[in-house]
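For clarity, every value in this text was computed on a predicted model and none was experimentally measured. Sequence lines set the chain letters: A, B, ... in the order given, protein chains first and strands last, and positions in each chain run from 1.
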Amino acid sequence: MSERKVRVRFAPSPTGPLHIGGVRTALFNYLFAKKHGGDFLLRIEDTDQARYVPGTEEYIQEALEWCGITIDEGPKQGGPFAPYRQSERKDLYRQYAEQLLESGHAYYAFDTPEELDLARTKAEANGETFTYNALSRGQMKNSLSLTGETWQALLSSSTHYVIRFKMPDNLDVTEVDLIRGSVTFNTALLDDKVLFKSDGMPTYHLANVVDDHLMEISHVIRGEEWLPSMPLHVLLYRAFGWENTMPRFTHLPLILKPEGKGKLSKRDGDKLGFPVFPLLWKDKVTGEPSRGYREDGYFPDAFINMLALLGWNPGTEQEIFSMAELCETFTLERVGKSGARFDPEKTKWFNHQYFIKKSDLELGKLLLPLLKEKGVAADLNMATKVSGMVKERCNFVSEIWEQSYFLFQAPVSYDEKIVSKRWKDDVPAMMVEISIFFEALENWSAPLIKEPFSEYVTGKQWNFGTVMNSLRLCLVGGSFGPDIFDICEIIGQSETVIRIRKGVETIKI
RNA sequence: GGUCUGUUCAUCUAAGGGUUAGGAUUCAAGAUUUUCAUUCUUGCCAUAGGGGUUCGAAUCCCCUACAGACUACCA
């Protein structure tokens, strides 16, 4: 084995926002690189002008940045193998295609899209599928079937042509996939893939192999959907004579829909109410927004932690990992072979874990802008205190507000279910007495309310549960929130009394 | 249709020939908190099916079923 430096690349095409699966592929590449002290590069595969979506490249950069995946070399950060955008490398690919032409590994093909369609429909009529290969290429229009004069004339008459790979007739191609073991394909079932398009751009297959070679990529880690094209790529390395520096291949299992069949798509997120993108994305033409984990209030480290455990596991029972720990622990050998169903619930759980680990002050800082937005006058001190009170029951900063808004403003309605459950005939009278009791209290702090209050209720021989729940209903409007005496302390004595009396007036049995 | 890949609780997964098949999430129940939540305990729940190989199989082999990916001048 050579001591080659580990260099991996994440090579998305800018055809839309990066989704979770893409982020995970990037993450695994990154972790693998960092584990081995190697480089992680970003290469933009924009060889298809027709599908180019503006803004996507920036999105990809920003998303990786948010995730804490740092790019060693890329279009924005540069590097010794620049440019990292395939459209800017356009001129480079031509000579490699020609090299293949000269060595007899490729040929010109002049079939028009219409002719190809015709061949396909004809084959279909016979219950077969058309494959451009050793069997059929003799009948097609190309530099193998036509006489030299004919095709050279076509070539010089500026007829549109493509360059196709001359797939060997019947050859077993075996290659090792680092997580699946060795996989064998027979070339008889493969077709003569287009390497160079009539628009002067290479296809993915050519560009990918050429760039990986030129950029000295040591390991190709990509999604499982690429597994079927591995033999073509291997054959290309052989045809170029680059076999001894060929990268090792690894195909990652897919991320599947939470329910039903198939791989995770944007629609699943819409349907089940969870984001499938790291960042918010607004469709440039329809303006339709797609939710992002960042905007939904997930912490990037929680998001990454969740993604890392989707398809990979450390073999221990540890579930919470920092990026540094992941870099340390990650191995491709421990990546599973089978597709993993995405679980939005567990994603929330991961966020909760990171959420409760944050200090009250950190959460307070995050909460403060939200309070301002709600038009509430509160300082950092208050935001911190409130965060500490309710964080255990929250997954997101926005939930702090949901769990504590009544500390800033009186409830405007009362949960009907709780009313019918708790607000019995004798309750209003109790509440009135309690309000008088509270009004008379001299010290107003949670412990100094709780003690005399408990004695008072006991003395009255009231049911504690009834009293507490009814009181809660008056103060917060429902049956949730932090400790009642803490609430009393924060909203203050007079507000407490006001809310109880308001409740007595408003709540109907 | 063809090729390739896969299949352990509802979900993520551990166990790389020998364990009562372990953990986590979700859900449910109980305890605690005379309120809310936390917390704790418990429960439910799995080796797709069938054949081999073996003293012994979730693990190795074969078949079947199911699932997924791919099958473009898209990546």
Side-chain angles (χ1 to χ4, degrees), chain A residues 11-15 45-48 50-51 86 109 111-113 116-117 120 124 127-132 160-164 177 180 183-186 188-191 193-205 207-208 222-231 251 253-254 256 258-259 261-263 306 309-319 333-334 336-350 356 389-394 403 422 450 454 457-458 463-473 475-476 478-487:
Chain A
S13 61
T15 53
E45 311 233 322
D46 53 352
T47 51
D48 185 355
R51 294 206 311 154
Q86 288 185 329
D111 315 276
T112 64
L116 289 169
D117 275 347
R120 287 194 189 97
E124 232 170 275
E128 293 160 4
T129 41
F130 173 75
T131 315
Y132 210 119
H160 279 269
Y161 66 89
V162 299
I163 297 173
R164 283 183 184 270
D177 176 293
R180 273 156 233 280
V183 184
T184 302
F185 298 83
N186 189 289
L189 289 329
L190 272 20
D191 63 341
K193 274 273 176 295
V194 171
L195 300 178
F196 204 81
K197 302 186 270 186
S198 59
D199 66 358
M201 278 287 207
T203 60
Y204 166 80
H205 301 292
N208 162 269
R222 76 233 295 196
E224 192 184 334
E225 66 269 27
W226 294 111
L227 191 51
S229 51
M230 183 165 73
H251 295 90
L254 265 16
L256 275 17
E259 46 189 55
K261 318 167 170 184
K263 63 176 177 180
M306 173 280 292
L309 271 297
L310 203 56
W312 172 83
N313 79 85
T316 64
E317 284 178 3
Q318 183 178 352
E319 290 202 278
E333 291 70 41
R334 294 212 64 92
K337 294 179 175 66
S338 52
R341 231 174 242 280
F342 182 71
D343 184 352
E345 285 307 316
K346 188 130 190 192
T347 311
K348 280 187 196 157
W349 178 82
F350 273 110
I356 57 178
M389 278 166 71
V390 300
K391 73 174 181 187
E392 289 288 354
R393 70 201 78 186
C394 297
Q403 287 292 334
R422 303 289 184 191
K450 182 175 180 173
S454 303
V457 172
T458 310
N463 178 293
F464 220 96
T466 306
V467 172
M468 294 299 271
N469 284 300
S470 306
L471 193 50
R472 179 175 289 281
L473 186 60
L475 298 178
V476 318
S479 73
F480 59 97
D483 179 81
I484 285 196
F485 303 104
D486 284 338
I487 297 174

S.K.: The side chain of A:Leu227 is closest to which nucleotide in this list: B:G68, B:U26, B:C4?
M.R.: B:C4
S.K.: Polar atom pairs between nucleotides 30-36 of chain B and protein, under 3.5 Å, N or O only, would you list them?
M.R.:
unit_1 : atom_1 : unit_2   : atom_2 : d
B:U34  : OP1    : A:Lys450 : NZ     : 3.3
B:U35  : O3'    : A:Asn469 : OD1    : 3.4
B:U35  : O2'    : A:Asn469 : OD1    : 3.3
B:U35  : O2'    : A:Arg472 : NE     : 2.9
B:U35  : O2     : A:Arg472 : NH2    : 2.6
B:U35  : O2     : A:Ile484 : N      : 3.3
B:U35  : N3     : A:Asp483 : OD1    : 2.9
B:U35  : O4     : A:Asp483 : OD1    : 2.2
B:C36  : O4'    : A:Arg472 : NE     : 3.4
B:C36  : O4'    : A:Arg472 : NH2    : 3.2
B:C36  : O2'    : A:Arg393 : NH1    : 3.2
B:C36  : O2'    : A:Gly481 : N      : 3.4
B:C36  : O2'    : A:Gly481 : O      : 3.0
B:C36  : O2     : A:Arg393 : NH1    : 3.0
B:C36  : O2     : A:Arg393 : NH2    : 3.1
B:C36  : O2     : A:Gly481 : O      : 3.0

S.K.: In whole Å, what is the span from the NZ atom of A:Lys337 to the P atom of B:A58?
M.R.: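 Checked: the NZ to P distance equals 18 Å.
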S.K.: Under the rule for salt bridge (charged side-chain N to carboxylate O under 4.0 Å, His left out), what residues qualify as partners of A:Glu345, not counting sequence neighbours?
M.R.: A:Lys348
S.K.: Rounding to a whole Å, what distance do you find between A:Glu345:CD and B:U25:P?
M.R.: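 Nearest whole value for this atom pair: 12 Å.
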S.K.: What does B:G2 pair with, Watson-Crick or G-U, if both distances are under 3.5 Å?
M.R.: B:C70
S.K.: Does A:Met201 offer a backbone N or O that forms a donor-acceptor pair with the side chain of A:Thr47 under 3.5 Å?
M.R.: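 No, the answer is negative, given that no donor and acceptor are paired below the 3.5 Å cut-off.
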S.K.: Please measure how far the C1' atom in B:C40 lies from the corresponding atom in B:U8, and state the result in whole Å.
M.R.: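 Taking atom C1' in both B:C40 and B:U8, they lie 29 Å apart.
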S.K.: What interatomic distance, in whole Å, is found between P of B:C62 and the corresponding atom of B:U26?
M.R.: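 Their P atoms lie roughly 40 Å apart.
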S.K.: Looking at B:C40, which nucleotide sits across from it as a Watson-Crick or G-U wobble partner, both distances under 3.5 angstrom, or is there none?
M.R.: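 For B:C40, the partner nucleotide comes out as B:G30, under the 3.5 Å rule.
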S.K.: B:U5 P sits how many Å from A:Leu189 CG, rounded?
M.R.: 12 Å
S.K.: Could you tell me how far B:G18 sits from B:C60 if I compare only their P atoms? Round to whole Å.
M.R.: 12 Å
S.K.: Between A:Arg334 and A:Asn313, is there a donor-acceptor pair closer than 3.5 Å when you use the side chain of the first and the backbone of the second?
M.R.: yes
S.K.: Return the pairing partner of B:U19 with a 3.5 Å limit on both distances, Watson-Crick or G-U wobble; otherwise return none.
M.R.: none
S.K.: Reading RNA chain B from 5' onward, which residue's closest nucleotide shows up sooner: A:Leu190 or A:Ile356?
M.R.: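 Closer to the 5' end of RNA chain B: A:Leu190.
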S.K.: What nitrogen or oxygen pairs link the protein and nucleotides 73-75 of chain B at under 3.5 Å?
M.R.:
unit_1 : atom_1 : unit_2   : atom_2 : d
B:C73  : OP2    : A:Arg164 : NH2    : 3.4
B:C73  : O2     : A:Ser198 : N      : 2.8
B:C73  : O2     : A:Ser198 : OG     : 2.5
B:C73  : N3     : A:Ser198 : OG     : 2.9
B:C73  : N4     : A:Asp111 : O      : 3.3
B:C74  : OP2    : A:Lys197 : NZ     : 3.2
B:C74  : O2'    : A:Asp48  : OD2    : 2.9
B:C74  : O2'    : A:Arg51  : NE     : 3.3
B:C74  : O2'    : A:Arg51  : NH2    : 3.3
B:C74  : O2     : A:Arg51  : NH1    : 3.4
B:C74  : O2     : A:Arg51  : NH2    : 3.2
B:A75  : OP1    : A:Thr47  : OG1    : 2.9
B:A75  : OP1    : A:Lys197 : NZ     : 2.8
B:A75  : OP2    : A:Tyr204 : N      : 3.1
B:A75  : O3'    : A:Glu45  : OE1    : 3.3
B:A75  : O2'    : A:Ser13  : OG     : 2.8

S.K.: Can you sort out the partners of A:Lys346 under salt bridge (charged side-chain N to carboxylate O under 4.0 Å, His left out), two or more places apart, ordered by chain and number?
M.R.: A:Glu319
S.K.: Applying a 4.0 Å non-hydrogen cut-off, can you work out what A:Lys263 is touching in the nucleic acid: base, sugar-phosphate, or nothing?
M.R.: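 It contacts sugar-phosphate atoms only.
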S.K.: If we take the P atom in both B:U7 and B:G49, what is their distance in whole Å?
M.R.: 14 Å
S.K.: According to salt bridge (charged side-chain N to carboxylate O under 4.0 Å, His left out), who are the partners of A:Arg51, at least two apart in sequence or on a separate chain?
M.R.: A:Asp48
S.K.: Would you classify A:Gly262 as touching base, sugar-phosphate or nothing, given that sugar-phosphate means primed atoms plus P, OP1 and OP2, and contacts are heavy atoms under 4.0 Å?
M.R.: sugar-phosphate
S.K.: With a 3.5 angstrom cut-off on both distances, give the Watson-Crick or G-U wobble partner of B:U25, or none if there isn't one.
M.R.: B:A10
S.K.: Rounded to whole angstrom, note down the C1' distance from B:A58 over to B:G16.
M.R.: 11 Å
S.K.: For nucleotides B:A29 and B:C45, find the distance between their C1' atoms and express it as a whole number of Å.
M.R.: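 After rounding to an integer number of Å, I get 15 Å for this pair.
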S.K.: Going by purine N1 to pyrimidine N3 plus the second Watson-Crick contact, or the G-U wobble pair, all under 3.5 Å, which nucleotide sits opposite B:U54?
M.R.: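 Its partner: none found.
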S.K.: I'd like the C1' distance from B:A37 over to B:A69, given in whole Å.
M.R.: 46 Å
S.K.: Using whole Å, report how far CG of A:Leu254 lies from P of B:A67.
M.R.: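 So the two atoms are 16 Å apart, to the nearest Å.
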S.K.: Provide, to the nearest angstrom, the distance between the NZ atom belonging to A:Lys261 and the C1' atom belonging to B:G6.
M.R.: 16 Å
S.K.: Got a sec, which residues hit salt bridge (charged side-chain N to carboxylate O under 4.0 Å, His left out) with A:Lys197, two or more places apart in sequence or on another chain?
M.R.: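 In terms of salt bridge (charged side-chain N to carboxylate O under 4.0 Å, His left out), with neighbours along the sequence ignored, A:Lys197 is linked to no residue.
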S.K.: Once you round it to whole Å, what is the distance between P of B:C4 and CZ of A:Phe185?
M.R.: 8 Å
S.K.: In Å and rounded to the nearest 0.5 Å, what is the CD1 to CZ distance from A:Ile487 to A:Arg472?
M.R.: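 With rounding to 0.5 Å, CD1 (A:Ile487) is 5.0 Å from CZ (A:Arg472).
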S.K.: Between the protein and nucleotides 10-13 of chain B, are there any N/O to N/O pairs under 3.5 Å, and if so, what are the atom names and distances?
M.R.:
unit_1 : atom_1 : unit_2   : atom_2 : d
B:C12  : OP1    : A:Arg341 : N      : 2.8
B:C12  : O2'    : A:Leu309 : O      : 3.2
B:U13  : OP1    : A:Gly311 : N      : 3.0
B:U13  : O3'    : A:Asn313 : ND2    : 3.0

S.K.: With sequence neighbours left out, write down each residue that passes side chain to side chain donor-acceptor pair (under 3.5 Å) with A:Asn463, or none if nothing qualifies.
M.R.: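 Residues passing side chain to side chain donor-acceptor pair (under 3.5 Å) with A:Asn463: A:Thr466.
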S.K.: B:U71 and B:A75: how far apart are their P atoms, nearest whole angstrom?
M.R.: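 It works out to 11 Å between them.
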S.K.: How long is the line joining CD of A:Glu317 and P of B:U25, in whole Å?
M.R.: 11 Å
S.K.: Report yes if the side chains of A:Trp349 and A:Asp343 come closer than 4.5 Å at any heavy-atom pair, otherwise no.
M.R.: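 No, their side chains stay 4.5 Å or more apart.
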S.K.: Identify the pairs formed between an N or O of the protein and an N or O of nucleotides 48-50 of chain B at a distance under 3.5 Å, and give each distance.
M.R.:
none

S.K.: My understanding is that only residues two or more places apart in sequence, or in another chain, count here; which of them pass side chain to side chain donor-acceptor pair (under 3.5 Å) with A:Ser454?
M.R.: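 Here no residue qualifies.
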S.K.: Using only atom types and a distance under 3.5 Å, with no angle test, would you say the side chain of A:Asp177 pairs donor to acceptor with the backbone of A:His251?
M.R.: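 A pair under 3.5 Å: yes.
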S.K.: Are any of the side-chain heavy atoms of A:Arg180 and A:Pro253 separated by less than 4.5 Å?
M.R.: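 Yes - at least one pair of side-chain heavy atoms lies under 4.5 Å apart.
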S.K.: Identify, with sequence neighbours excluded, every residue that meets side chain to side chain donor-acceptor pair (under 3.5 Å) alongside A:Asp191.
M.R.: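 By the side chain to side chain donor-acceptor pair (under 3.5 Å) rule, A:Asp191 matches A:Lys193.
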S.K.: According to side chain to side chain donor-acceptor pair (under 3.5 Å), who are the partners of A:Tyr204, at least two apart in sequence or on a separate chain?
M.R.: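 Scan of A:Tyr204 (side chain to side chain donor-acceptor pair (under 3.5 Å), adjacent residues dropped) gives A:Asn208, A:Arg222.
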